[in-house]
Amino acid sequence: MSDKAFQICINPDCRATFDIGQVIFACPKCQSMLDVGYDWDRLPVPHRMSFFEPRWCTKGHSVEARLDFSGVWRFRELLPFAPYDKIVTIGEGRTLLEENDRVGAQIGMKPKRLYLQYEGLNPSGSFKDNGMTAAITIASMLGRKRVACASTGNTSASMAVFANKSDPPMQGIVFIGSGKIAYGKLSQALDYGATTLQIEGDFDACLRRVRQIADKLGIYLMNSVNPFRLEGQKAIMYRVLQGLDWEVPDWIVVPGGNLGNSSSFGKAFIELHQLGLIDRVPRLAVINAAGANTLYHLYEKESLRWQGGRFDAAKIGGLYAAMDESHYLPHTVASAIEIARPVNLPKVLRALDFMNGVVREVTDEEILEHKAIVGHYGFGCEPASAASVAGLRRLLAEQVISPDERVVCILTGHELKDPDATVKYHTGLDMKLAVPPPATPPTGVMANPPKKVPDDLDAIAAALGERI
Ligand code: F0G
(Lines give C-alpha, C1' and ligand atoms only; values in the text may rest on other atoms or scores of the structure.)
Protein backbone atom coordinates (compact mmCIF):
# COMPACT_ATOMS: atom_id res chain seq x y z
CA MET A 1 0.00 0.00 0.00
CA SER A 2 1.00 3.67 -0.23
CA ASP A 3 4.30 4.47 1.50
CA LYS A 4 3.10 8.05 2.11
CA ALA A 5 0.60 6.83 4.73
CA PHE A 6 1.60 4.46 7.50
CA GLN A 7 0.75 3.47 11.06
CA ILE A 8 3.02 4.91 13.74
CA CYS A 9 3.38 4.21 17.45
CA ILE A 10 2.46 7.22 19.64
CA ASN A 11 5.14 6.37 22.24
CA PRO A 12 7.97 8.93 21.73
CA ASP A 13 10.54 6.36 22.83
CA CYS A 14 9.40 3.92 20.14
CA ARG A 15 7.82 5.65 17.10
CA ALA A 16 7.94 2.35 15.17
CA THR A 17 6.11 2.53 11.84
CA PHE A 18 4.02 -0.10 10.12
CA ASP A 19 2.32 -0.48 6.77
CA ILE A 20 -1.31 0.63 6.75
CA GLY A 21 -2.20 -2.86 5.51
CA GLN A 22 -1.02 -4.43 8.76
CA VAL A 23 -3.97 -5.35 10.98
CA ILE A 24 -2.70 -4.26 14.40
CA PHE A 25 -4.42 -2.18 17.05
CA ALA A 26 -1.46 -1.67 19.38
CA CYS A 27 2.26 -1.38 18.70
CA PRO A 28 3.68 -4.95 18.51
CA LYS A 29 6.93 -3.63 20.04
CA CYS A 30 5.71 -1.66 23.07
CA GLN A 31 1.88 -2.11 23.17
CA SER A 32 1.19 1.65 22.91
CA MET A 33 -1.59 3.06 20.74
CA LEU A 34 -1.13 3.64 17.01
CA ASP A 35 -1.79 6.70 14.86
CA VAL A 36 -2.17 6.97 11.15
CA GLY A 37 0.79 9.09 10.03
CA TYR A 38 1.55 10.78 6.70
CA ASP A 39 4.63 11.87 4.83
CA TRP A 40 3.13 15.32 4.30
CA ASP A 41 6.15 16.61 2.35
CA ARG A 42 5.43 14.13 -0.42
CA LEU A 43 1.67 14.71 -0.46
CA PRO A 44 -0.33 17.44 -2.22
CA VAL A 45 -1.62 19.48 0.71
CA PRO A 46 -3.58 22.68 -0.06
CA HIS A 47 -2.08 25.98 1.08
CA ARG A 48 -5.24 27.30 2.70
CA MET A 49 -8.42 25.80 4.15
CA SER A 50 -10.68 27.74 1.76
CA PHE A 51 -9.40 25.36 -0.95
CA PHE A 52 -12.09 22.95 0.30
CA GLU A 53 -14.93 25.49 0.09
CA PRO A 54 -16.35 24.85 -3.41
CA ARG A 55 -16.64 21.11 -2.85
CA TRP A 56 -19.73 21.51 -0.69
CA CYS A 57 -21.80 22.19 -3.81
CA THR A 58 -20.19 19.86 -6.36
CA LYS A 59 -22.66 18.07 -8.63
CA GLY A 60 -22.17 15.01 -10.82
CA HIS A 61 -21.51 11.29 -10.66
CA SER A 62 -17.74 11.11 -10.90
CA VAL A 63 -15.71 9.51 -8.09
CA GLU A 64 -14.56 12.96 -7.03
CA ALA A 65 -18.07 14.40 -7.02
CA ARG A 66 -19.21 11.55 -4.78
CA LEU A 67 -16.36 12.29 -2.38
CA ASP A 68 -17.09 16.01 -2.44
CA PHE A 69 -20.65 15.20 -1.31
CA SER A 70 -19.25 13.57 1.85
CA GLY A 71 -18.49 15.90 4.76
CA VAL A 72 -15.49 13.69 5.51
CA TRP A 73 -13.92 13.04 2.10
CA ARG A 74 -14.44 16.62 1.00
CA PHE A 75 -11.26 17.04 3.05
CA ARG A 76 -9.56 13.98 1.54
CA GLU A 77 -6.12 15.62 1.26
CA LEU A 78 -6.11 15.72 5.09
CA LEU A 79 -6.66 11.96 5.51
CA PRO A 80 -4.83 10.64 2.48
CA PHE A 81 -4.58 6.91 3.15
CA ALA A 82 -6.95 5.44 0.55
CA PRO A 83 -7.15 5.51 -3.26
CA TYR A 84 -10.22 7.57 -4.10
CA ASP A 85 -12.02 4.79 -5.99
CA LYS A 86 -11.75 2.48 -2.95
CA ILE A 87 -13.50 4.82 -0.52
CA VAL A 88 -16.80 3.59 0.97
CA THR A 89 -19.09 6.56 1.55
CA ILE A 90 -22.81 6.92 2.24
CA GLY A 91 -22.91 10.71 2.27
CA GLU A 92 -21.82 11.02 5.90
CA GLY A 93 -20.90 14.28 7.55
CA ARG A 94 -23.35 16.65 5.87
CA THR A 95 -24.06 18.17 9.24
CA LEU A 96 -24.92 21.61 10.53
CA LEU A 97 -23.10 24.20 12.61
CA GLU A 98 -25.83 26.39 14.10
CA GLU A 99 -25.32 29.71 15.85
CA ASN A 100 -27.88 29.35 18.63
CA ASP A 101 -28.49 32.47 20.73
CA ARG A 102 -31.57 31.03 22.43
CA VAL A 103 -29.67 28.12 23.96
CA GLY A 104 -26.83 30.55 24.62
CA ALA A 105 -29.14 32.90 26.54
CA GLN A 106 -30.40 30.03 28.70
CA ILE A 107 -26.91 29.19 29.89
CA GLY A 108 -25.47 32.70 30.11
CA MET A 109 -23.59 33.19 26.83
CA LYS A 110 -23.52 36.55 25.02
CA PRO A 111 -25.32 36.70 21.62
CA LYS A 112 -23.57 35.21 18.57
CA ARG A 113 -21.06 33.32 20.69
CA LEU A 114 -22.53 29.81 21.02
CA TYR A 115 -22.49 27.33 18.15
CA LEU A 116 -23.99 23.85 18.15
CA GLN A 117 -22.54 21.23 15.82
CA TYR A 118 -25.36 18.78 15.07
CA GLU A 119 -23.70 15.45 14.35
CA GLY A 120 -27.07 13.72 14.82
CA LEU A 121 -27.74 14.69 11.20
CA ASN A 122 -25.45 11.91 9.96
CA PRO A 123 -27.07 9.00 8.05
CA SER A 124 -27.10 6.71 11.09
CA GLY A 125 -27.88 9.60 13.44
CA SER A 126 -24.57 10.10 15.22
CA PHE A 127 -21.02 11.39 14.75
CA LYS A 128 -19.79 7.81 14.45
CA ASP A 129 -20.40 7.85 10.69
CA ASN A 130 -17.45 10.23 10.30
CA GLY A 131 -15.05 7.62 11.58
CA MET A 132 -16.84 4.58 10.25
CA THR A 133 -16.50 5.63 6.60
CA ALA A 134 -12.72 5.68 7.13
CA ALA A 135 -12.55 2.39 9.03
CA ILE A 136 -14.83 0.53 6.62
CA THR A 137 -12.75 1.87 3.73
CA ILE A 138 -9.59 0.31 5.13
CA ALA A 139 -11.50 -2.91 5.96
CA SER A 140 -12.69 -3.04 2.38
CA MET A 141 -9.19 -2.29 1.00
CA LEU A 142 -7.93 -5.21 3.10
CA GLY A 143 -10.64 -7.46 1.67
CA ARG A 144 -12.20 -8.17 5.06
CA LYS A 145 -15.56 -9.89 5.08
CA ARG A 146 -16.49 -9.51 8.76
CA VAL A 147 -16.27 -6.46 10.97
CA ALA A 148 -17.03 -6.25 14.70
CA CYS A 149 -17.37 -3.71 17.48
CA ALA A 150 -18.44 -3.36 21.08
CA SER A 151 -20.84 -0.53 21.52
CA THR A 152 -23.08 1.51 23.74
CA GLY A 153 -25.24 1.73 20.61
CA ASN A 154 -24.12 4.35 18.13
CA THR A 155 -20.94 2.65 16.94
CA SER A 156 -22.92 -0.51 16.29
CA ALA A 157 -25.65 1.33 14.36
CA SER A 158 -23.06 3.09 12.25
CA MET A 159 -20.92 0.01 11.65
CA ALA A 160 -23.98 -2.06 10.74
CA VAL A 161 -25.13 0.33 8.03
CA PHE A 162 -21.63 0.76 6.56
CA ALA A 163 -21.07 -3.03 6.58
CA ASN A 164 -24.30 -3.36 4.60
CA LYS A 165 -23.40 -0.64 2.16
CA SER A 166 -19.87 -1.78 1.34
CA ASP A 167 -19.40 -3.63 -1.93
CA PRO A 168 -19.53 -6.58 -1.45
CA PRO A 169 -21.46 -6.25 1.83
CA MET A 170 -19.69 -7.40 5.00
CA GLN A 171 -21.11 -9.15 8.01
CA GLY A 172 -21.42 -6.74 10.94
CA ILE A 173 -21.01 -8.30 14.40
CA VAL A 174 -22.07 -6.21 17.37
CA PHE A 175 -21.36 -6.74 21.08
CA ILE A 176 -23.69 -4.87 23.42
CA GLY A 177 -23.92 -4.91 27.20
CA SER A 178 -27.06 -6.15 28.92
CA GLY A 179 -29.80 -3.57 29.44
CA LYS A 180 -27.51 -0.64 28.65
CA ILE A 181 -28.46 0.30 25.12
CA ALA A 182 -31.07 2.85 24.03
CA TYR A 183 -33.76 1.26 21.88
CA GLY A 184 -33.32 3.66 18.97
CA LYS A 185 -29.75 2.40 18.56
CA LEU A 186 -30.50 -1.29 19.13
CA SER A 187 -33.29 -1.12 16.56
CA GLN A 188 -30.84 0.17 13.97
CA ALA A 189 -28.31 -2.65 14.41
CA LEU A 190 -31.11 -5.21 14.20
CA ASP A 191 -32.72 -3.59 11.17
CA TYR A 192 -29.43 -3.29 9.29
CA GLY A 193 -28.96 -7.03 9.76
CA ALA A 194 -25.99 -7.06 12.15
CA THR A 195 -25.36 -10.22 14.17
CA THR A 196 -26.02 -8.82 17.65
CA LEU A 197 -24.56 -10.46 20.75
CA GLN A 198 -25.85 -9.24 24.08
CA ILE A 199 -23.12 -9.97 26.62
CA GLU A 200 -23.76 -10.19 30.34
CA GLY A 201 -21.70 -7.21 31.39
CA ASP A 202 -21.11 -3.55 30.61
CA PHE A 203 -19.42 -1.81 27.68
CA ASP A 204 -15.93 -2.34 29.07
CA ALA A 205 -16.55 -6.09 29.31
CA CYS A 206 -17.87 -6.12 25.73
CA LEU A 207 -14.83 -4.27 24.44
CA ARG A 208 -12.47 -6.66 26.18
CA ARG A 209 -14.28 -9.62 24.59
CA VAL A 210 -14.61 -8.24 21.09
CA ARG A 211 -10.87 -7.49 21.02
CA GLN A 212 -10.16 -11.11 21.95
CA ILE A 213 -12.67 -12.54 19.49
CA ALA A 214 -11.53 -10.29 16.65
CA ASP A 215 -7.96 -11.36 17.27
CA LYS A 216 -8.70 -15.07 17.51
CA LEU A 217 -11.23 -15.33 14.67
CA GLY A 218 -9.63 -12.86 12.27
CA ILE A 219 -12.57 -10.43 12.35
CA TYR A 220 -11.73 -6.79 11.66
CA LEU A 221 -12.09 -4.60 14.76
CA MET A 222 -13.98 -1.32 14.28
CA ASN A 223 -13.80 0.25 17.75
CA SER A 224 -11.86 3.47 18.12
CA VAL A 225 -8.62 1.68 19.03
CA ASN A 226 -8.63 1.35 15.26
CA PRO A 227 -6.66 4.48 14.31
CA PHE A 228 -8.47 4.87 10.97
CA ARG A 229 -11.72 5.67 12.82
CA LEU A 230 -10.10 8.74 14.32
CA GLU A 231 -8.89 9.89 10.91
CA GLY A 232 -12.50 10.26 9.75
CA GLN A 233 -13.59 11.99 12.95
CA LYS A 234 -11.01 14.75 12.36
CA ALA A 235 -13.41 16.01 9.68
CA ILE A 236 -15.89 17.18 12.36
CA MET A 237 -13.36 19.88 13.21
CA TYR A 238 -12.75 20.74 9.55
CA ARG A 239 -16.49 21.29 9.16
CA VAL A 240 -16.64 23.43 12.29
CA LEU A 241 -13.94 25.63 10.75
CA GLN A 242 -15.82 25.70 7.47
CA GLY A 243 -19.00 26.74 9.31
CA LEU A 244 -17.04 29.61 10.88
CA ASP A 245 -15.62 30.77 7.53
CA TRP A 246 -12.30 29.15 8.45
CA GLU A 247 -11.94 31.13 11.65
CA VAL A 248 -10.74 29.17 14.67
CA PRO A 249 -13.18 29.30 17.65
CA ASP A 250 -12.01 29.83 21.24
CA TRP A 251 -13.38 26.57 22.64
CA ILE A 252 -14.52 23.13 21.51
CA VAL A 253 -16.70 21.36 24.10
CA VAL A 254 -17.34 17.65 23.62
CA PRO A 255 -18.72 14.76 25.68
CA GLY A 256 -16.16 12.10 26.60
CA GLY A 257 -16.85 8.36 26.66
CA ASN A 258 -14.25 6.13 25.03
CA LEU A 259 -12.45 9.41 24.16
CA GLY A 260 -12.07 8.74 20.46
CA ASN A 261 -13.78 11.94 19.37
CA SER A 262 -11.81 14.26 21.64
CA SER A 263 -8.58 12.47 20.65
CA SER A 264 -9.32 12.90 16.96
CA PHE A 265 -9.99 16.62 17.46
CA GLY A 266 -6.55 16.95 19.00
CA LYS A 267 -4.95 15.16 16.06
CA ALA A 268 -6.85 17.35 13.60
CA PHE A 269 -5.51 20.55 15.16
CA ILE A 270 -1.98 19.19 15.63
CA GLU A 271 -1.85 18.42 11.91
CA LEU A 272 -3.53 21.63 10.73
CA HIS A 273 -1.02 23.58 12.80
CA GLN A 274 1.89 21.52 11.53
CA LEU A 275 0.75 22.08 7.93
CA GLY A 276 0.44 25.83 8.50
CA LEU A 277 -3.29 25.78 7.71
CA ILE A 278 -4.31 27.48 10.98
CA ASP A 279 -2.52 30.12 13.02
CA ARG A 280 -4.08 29.45 16.42
CA VAL A 281 -5.60 26.48 18.24
CA PRO A 282 -8.90 26.37 20.17
CA ARG A 283 -9.06 25.14 23.74
CA LEU A 284 -10.71 21.78 24.41
CA ALA A 285 -13.20 20.91 27.15
CA VAL A 286 -14.04 17.22 27.55
CA ILE A 287 -17.15 16.53 29.61
CA ASN A 288 -17.65 13.26 31.47
CA ALA A 289 -20.86 12.09 33.11
CA ALA A 290 -20.32 12.11 36.88
CA GLY A 291 -21.26 8.42 36.95
CA ALA A 292 -18.50 7.54 34.44
CA ASN A 293 -15.79 10.07 35.19
CA THR A 294 -12.47 8.28 34.71
CA LEU A 295 -10.87 11.04 32.66
CA TYR A 296 -12.10 13.76 35.01
CA HIS A 297 -10.68 11.90 37.96
CA LEU A 298 -7.30 11.21 36.39
CA TYR A 299 -6.82 14.60 34.71
CA GLU A 300 -8.30 16.99 37.24
CA LYS A 301 -7.91 15.13 40.55
CA GLU A 302 -4.70 13.20 39.95
CA SER A 303 -3.12 15.68 37.50
CA LEU A 304 -2.31 12.99 34.95
CA ARG A 305 -0.64 14.72 31.98
CA TRP A 306 0.69 13.72 28.54
CA GLN A 307 4.29 14.70 29.36
CA GLY A 308 5.46 14.36 25.78
CA GLY A 309 4.07 10.83 25.65
CA ARG A 310 5.74 9.70 28.88
CA PHE A 311 2.57 9.91 30.99
CA ASP A 312 2.35 8.19 34.35
CA ALA A 313 0.66 4.91 33.40
CA ALA A 314 0.82 3.78 37.04
CA LYS A 315 -1.89 6.34 37.90
CA ILE A 316 -4.23 4.70 35.40
CA GLY A 317 -3.32 1.21 36.61
CA GLY A 318 -3.90 2.26 40.21
CA LEU A 319 -7.37 3.63 39.46
CA TYR A 320 -8.37 0.55 37.48
CA ALA A 321 -7.15 -1.75 40.26
CA ALA A 322 -9.21 0.21 42.78
CA MET A 323 -12.25 -0.08 40.47
CA ASP A 324 -11.75 -3.85 40.25
CA GLU A 325 -11.43 -4.15 43.99
CA SER A 326 -14.62 -2.23 44.71
CA HIS A 327 -16.47 -3.91 41.77
CA TYR A 328 -17.13 -0.42 40.44
CA LEU A 329 -19.57 -0.15 37.55
CA PRO A 330 -20.22 3.17 35.81
CA HIS A 331 -23.78 4.44 35.85
CA THR A 332 -25.36 7.34 34.00
CA VAL A 333 -28.54 8.21 32.13
CA ALA A 334 -26.24 9.09 29.23
CA SER A 335 -25.74 5.42 28.34
CA ALA A 336 -23.59 6.33 25.31
CA ILE A 337 -20.80 7.50 27.62
CA GLU A 338 -21.24 4.95 30.41
CA ILE A 339 -17.62 3.81 30.13
CA ALA A 340 -15.11 3.33 32.94
CA ARG A 341 -11.99 2.28 31.01
CA PRO A 342 -11.71 4.59 27.98
CA VAL A 343 -9.35 3.06 25.44
CA ASN A 344 -8.16 6.35 23.98
CA LEU A 345 -6.88 7.72 27.28
CA PRO A 346 -3.29 8.27 26.04
CA LYS A 347 -4.43 10.03 22.91
CA VAL A 348 -6.83 12.33 24.75
CA LEU A 349 -3.99 13.38 27.07
CA ARG A 350 -2.11 14.41 23.94
CA ALA A 351 -5.16 16.34 22.70
CA LEU A 352 -5.66 18.08 26.07
CA ASP A 353 -1.99 18.99 26.13
CA PHE A 354 -1.94 20.49 22.63
CA MET A 355 -5.28 22.28 23.05
CA ASN A 356 -4.67 23.51 26.61
CA GLY A 357 -7.69 21.52 27.68
CA VAL A 358 -9.85 21.04 30.74
CA VAL A 359 -12.09 18.16 31.85
CA ARG A 360 -15.33 18.45 33.80
CA GLU A 361 -18.04 16.10 35.05
CA VAL A 362 -21.79 16.79 35.01
CA THR A 363 -24.62 15.03 36.84
CA ASP A 364 -27.48 13.17 35.19
CA GLU A 365 -29.83 15.97 36.28
CA GLU A 366 -27.70 18.54 34.51
CA ILE A 367 -27.49 16.34 31.41
CA LEU A 368 -31.27 15.92 31.22
CA GLU A 369 -31.99 19.59 31.86
CA HIS A 370 -29.59 20.71 29.13
CA LYS A 371 -30.90 18.07 26.76
CA ALA A 372 -34.35 19.59 27.25
CA ILE A 373 -32.93 23.08 26.63
CA VAL A 374 -31.34 21.94 23.36
CA GLY A 375 -34.63 20.25 22.46
CA HIS A 376 -36.70 23.36 23.23
CA TYR A 377 -34.44 25.92 21.59
CA GLY A 378 -32.60 23.84 19.01
CA PHE A 379 -33.08 20.61 17.03
CA GLY A 380 -32.64 18.24 19.97
CA CYS A 381 -29.99 15.70 20.85
CA GLU A 382 -29.54 12.52 22.86
CA PRO A 383 -28.54 12.62 26.56
CA ALA A 384 -24.77 12.10 26.13
CA SER A 385 -24.61 14.96 23.63
CA ALA A 386 -26.16 17.40 26.09
CA ALA A 387 -23.24 16.83 28.46
CA SER A 388 -21.35 19.32 26.28
CA VAL A 389 -23.87 22.13 26.89
CA ALA A 390 -24.18 21.25 30.59
CA GLY A 391 -20.38 21.25 30.83
CA LEU A 392 -20.21 24.66 29.15
CA ARG A 393 -22.62 26.06 31.73
CA ARG A 394 -20.36 24.79 34.52
CA LEU A 395 -17.29 26.29 32.88
CA LEU A 396 -19.10 29.62 32.55
CA ALA A 397 -20.02 29.50 36.25
CA GLU A 398 -16.40 28.78 37.12
CA GLN A 399 -15.30 31.63 34.82
CA VAL A 400 -13.00 29.27 32.94
CA ILE A 401 -14.96 30.18 29.80
CA SER A 402 -16.15 33.75 29.41
CA PRO A 403 -19.61 34.49 27.92
CA ASP A 404 -18.09 36.45 25.05
CA GLU A 405 -15.77 33.71 23.87
CA ARG A 406 -16.74 31.82 20.74
CA VAL A 407 -17.70 28.31 21.82
CA VAL A 408 -18.68 25.25 19.78
CA CYS A 409 -20.53 22.44 21.57
CA ILE A 410 -20.55 19.13 19.74
CA LEU A 411 -23.98 17.47 19.79
CA THR A 412 -22.93 13.94 19.05
CA GLY A 413 -26.22 12.09 18.52
CA HIS A 414 -29.78 12.58 17.32
CA GLU A 415 -32.68 13.19 19.67
CA LEU A 416 -34.54 10.07 18.44
CA LYS A 417 -31.73 7.74 19.50
CA ASP A 418 -33.10 7.59 23.03
CA PRO A 419 -36.76 8.65 23.11
CA ASP A 420 -37.28 6.78 26.39
CA ALA A 421 -35.02 9.18 28.27
CA THR A 422 -36.91 12.12 26.77
CA VAL A 423 -40.37 10.76 27.55
CA LYS A 424 -39.31 9.85 31.07
CA TYR A 425 -37.95 13.36 31.68
CA HIS A 426 -41.11 15.08 30.50
CA THR A 427 -43.71 12.67 31.90
CA GLY A 428 -42.11 10.59 34.63
CA LEU A 429 -43.12 7.44 32.73
CA ASP A 430 -40.55 4.66 32.26
CA MET A 431 -41.40 3.26 28.81
CA LYS A 432 -38.47 0.84 28.87
CA LEU A 433 -40.19 -1.53 31.29
CA ALA A 434 -42.54 -4.11 29.75
CA VAL A 435 -45.27 -3.18 32.22
CA PRO A 436 -44.56 0.44 33.11
CA PRO A 437 -45.36 1.37 36.70
CA PRO A 438 -47.57 4.44 37.21
CA ALA A 439 -45.74 7.63 36.31
CA THR A 440 -44.05 9.55 39.07
CA PRO A 441 -44.48 13.30 38.57
CA PRO A 442 -41.64 14.77 36.52
CA THR A 443 -39.32 17.04 38.48
CA GLY A 444 -37.14 18.64 35.78
CA VAL A 445 -37.37 22.41 35.37
CA MET A 446 -37.93 22.02 31.62
CA ALA A 447 -40.47 19.18 32.00
CA ASN A 448 -43.26 19.52 29.43
CA PRO A 449 -45.71 16.63 29.97
CA PRO A 450 -48.72 16.08 27.68
CA LYS A 451 -51.99 17.35 29.12
CA LYS A 452 -54.81 14.86 29.55
CA VAL A 453 -57.91 16.39 27.97
CA PRO A 454 -61.45 14.98 27.56
CA ASP A 455 -62.72 14.49 24.01
CA ASP A 456 -64.63 17.77 24.20
CA LEU A 457 -64.20 20.95 22.13
CA ASP A 458 -64.52 23.40 25.01
CA ALA A 459 -62.13 21.42 27.18
CA ILE A 460 -59.57 21.27 24.35
CA ALA A 461 -59.81 25.03 23.81
CA ALA A 462 -59.47 25.60 27.54
CA ALA A 463 -56.34 23.44 27.61
CA LEU A 464 -54.90 25.82 24.99
CA GLY A 465 -55.82 28.80 27.17
CA GLU A 466 -58.63 29.83 24.78
CA ARG A 467 -62.46 29.88 24.72
CA ILE A 468 -64.75 29.02 21.85
N1 F0G B 1 -21.86 10.88 22.38
C2 F0G B 1 -22.48 9.83 21.84
C3 F0G B 1 -23.87 10.04 21.34
C4 F0G B 1 -21.84 8.58 21.75
O5 F0G B 1 -22.47 7.55 21.21
C6 F0G B 1 -20.54 8.44 22.26
C7 F0G B 1 -19.84 7.17 22.22
C8 F0G B 1 -19.93 9.58 22.80
C9 F0G B 1 -20.62 10.78 22.85
C10 F0G B 1 -18.56 9.54 23.34
O11 F0G B 1 -17.64 9.58 22.30
O12 F0G B 1 -16.39 7.53 22.85
O13 F0G B 1 -15.49 9.18 21.24
O14 F0G B 1 -15.62 9.73 23.67
N15 F0G B 1 -20.38 6.09 21.92
C16 F0G B 1 -19.67 4.82 21.72
C17 F0G B 1 -20.57 3.77 21.11
C18 F0G B 1 -18.89 4.38 22.86
O19 F0G B 1 -20.33 2.58 21.29
O20 F0G B 1 -21.49 4.14 20.39
P21 F0G B 1 -16.18 8.97 22.53
Side-chain angles (χ1 to χ4, degrees), residues 9-13 26-27 30-35 150 152 202-205 207-208 211 223-225 230 251-267 269-270 283-332 334 336-364 366-367 384 387-388 390-392 394-395 398 400-401 410 412:
C9 175
I10 70 166
N11 176 354
D13 298 321
C27 175
C30 72
Q31 304 312 315
S32 296
M33 300 196 83
L34 297 171
D35 268 337
T152 56
D202 63 358
F203 171 82
D204 297 301
L207 185 55
R208 219 168 18 242
R211 289 181 83 159
N223 279 101
S224 56
V225 282
L230 271 53
W251 284 89
I252 303 289
V253 190
V254 62
N258 225 1
L259 305 175
N261 223 15
S262 36
S263 297
S264 72
F265 297 173
K267 188 166 190 279
F269 284 110
I270 290 170
R283 295 189 68 188
L284 176 68
V286 183
I287 313 298
N288 273 164
N293 64 354
T294 299
L295 180 65
Y296 173 71
H297 181 87
L298 288 169
Y299 190 78
E300 298 290 348
K301 299 288 174 201
E302 296 206 26
S303 303
L304 180 68
R305 290 293 182 275
W306 171 239
Q307 294 184 306
R310 297 177 190 89
F311 57 90
D312 185 355
K315 281 188 178 160
I316 305 172
L319 178 66
Y320 289 0
M323 284 178 179
D324 284 341
E325 203 165 311
S326 63
H327 302 289
Y328 169 82
L329 285 178
H331 188 74
T332 167
I337 52 174
E338 194 181 69
I339 296 173
R341 290 170 167 73
V343 291
N344 287 292
L345 203 43
K347 287 186 176 175
V348 85
L349 293 178
R350 180 176 65 182
L352 288 162
D353 179 69
F354 187 73
M355 298 176 70
N356 188 15
V358 299
V359 183
R360 290 294 182 272
E361 57 172 2
V362 287
T363 63
D364 281 2
E366 290 173 284
I367 287 173
S388 59
L392 169 58
R394 277 215 177 189
L395 289 162
E398 291 174 19
V400 174
I401 296 183
I410 311 299
T412 44

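Numbers here are sequence positions counted from 1.
By the 4.5 Å heavy-atom criterion applied to side chains, D312 and L304 are counted as neighbours. Contact check for R394 versus I287: no side-chain heavy atoms found under the 4.5 Å cut-off. Contact annotation: the side chain of L284 never approaches that of F269 to less than 4.5 Å [non-hydrogen atoms, C-beta and beyond]. Proximity of D35 to K347: side-chain heavy atoms (C-beta onward) are separated by under 4.5 Å at one or more points. In this structure, the side chains of I410 and F265 come closer than 4.5 Å at one or more pairs of heavy atoms.
Listed by first and then second residue, the side-chain hydrogen bond (donor to acceptor under 3.5 Å, both in side chains) pairs that reach into residues 317-332 are D324-R341, T332-D364, sequence neighbours excluded. Every pair passing salt bridge (Lys or Arg N to Asp or Glu O under 4.0 Å) that includes a residue from residues 251-267 is listed here, sequence neighbours excluded: E231-K267, K267-E271. Among residue pairs with one or both ends in residues 290-310, those qualifying as salt bridge (Lys or Arg N to Asp or Glu O under 4.0 Å) are D13-R310, E300-R360; sequence neighbours excluded.
To the nearest 0.5 Å, atoms CG (L207) and CG (N223) are separated by 5.0 Å. Atom CG of residue L34 and atom CG of residue N11 lie 11.0 Å apart, to the nearest 0.5 angstrom. Taken to the nearest 0.5 Å, the OH atom of Y299 stands 7.0 Å off from the CG atom of D353. With values rounded to the nearest 0.5 angstrom, E338 atom CD is found 8.5 Å from L329 atom CG.
Between I367 and A334 the shortest heavy-atom distance is CD1-CB, 4.1 Å. The minimum heavy-atom distance between L349 and W306, with the atom names listed, is O-CB, 3.4 Å.
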TODO: Verify side-chain contact (heavy atoms from CB on, under 4.5 Å) between I316 and F311, making sure each step is shown before the conclusion.
DONE: CA-CA 10 Å; I316 305 172; F311 57 90; 3.9 Å; yes
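Applying the salt bridge (charged side-chain N to carboxylate O under 4.0 Å, His left out) rule to R211 yields no partners; only residues at least two apart in sequence or on another chain are considered. For the ring pair (Phe, Tyr, Trp, His ring centres under 6.0 Å) test, residues two or more places apart in sequence or in another chain that qualify with F354 are H273. For E361, there are no salt bridge (charged side-chain N to carboxylate O under 4.0 Å, His left out) partners, not counting sequence neighbours. Partners of T152 according to the side-chain hydrogen bond (donor to acceptor under 3.5 Å, both in side chains) rule, which considers only residues two or more places apart in sequence or in another chain, do not exist here. Under the side-chain hydrogen bond (donor to acceptor under 3.5 Å, both in side chains) criterion, N344 pairs with S224, sequence neighbours left out. Taking D204 as the reference, nothing meets the salt bridge (charged side-chain N to carboxylate O under 4.0 Å, His left out) condition, with sequence neighbours excluded. Qualifying side-chain contact (heavy atoms from CB on, under 4.5 Å) partners for R283, counting only residues two or more places apart in sequence or in other chains: W251, N356, V358.
The side chain to side chain contact (heavy atoms under 4.5 Å, CB included) with S32 is formed by just one residue from the set C9, P12, P346; it is C9.
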Please table the atom pairs, donor to acceptor, closer than 3.5 Å between any side-chain atom in residues 256-263 and protein atoms at least two apart or in another chain.
from, atom 1, to, atom 2, distance (Å)
N258, OD1, V343, N, 2.9
N261, OD1, Q233, NE2, 3.1
S263, OG, L259, O, 2.6
S263, OG, V348, N, 3.2

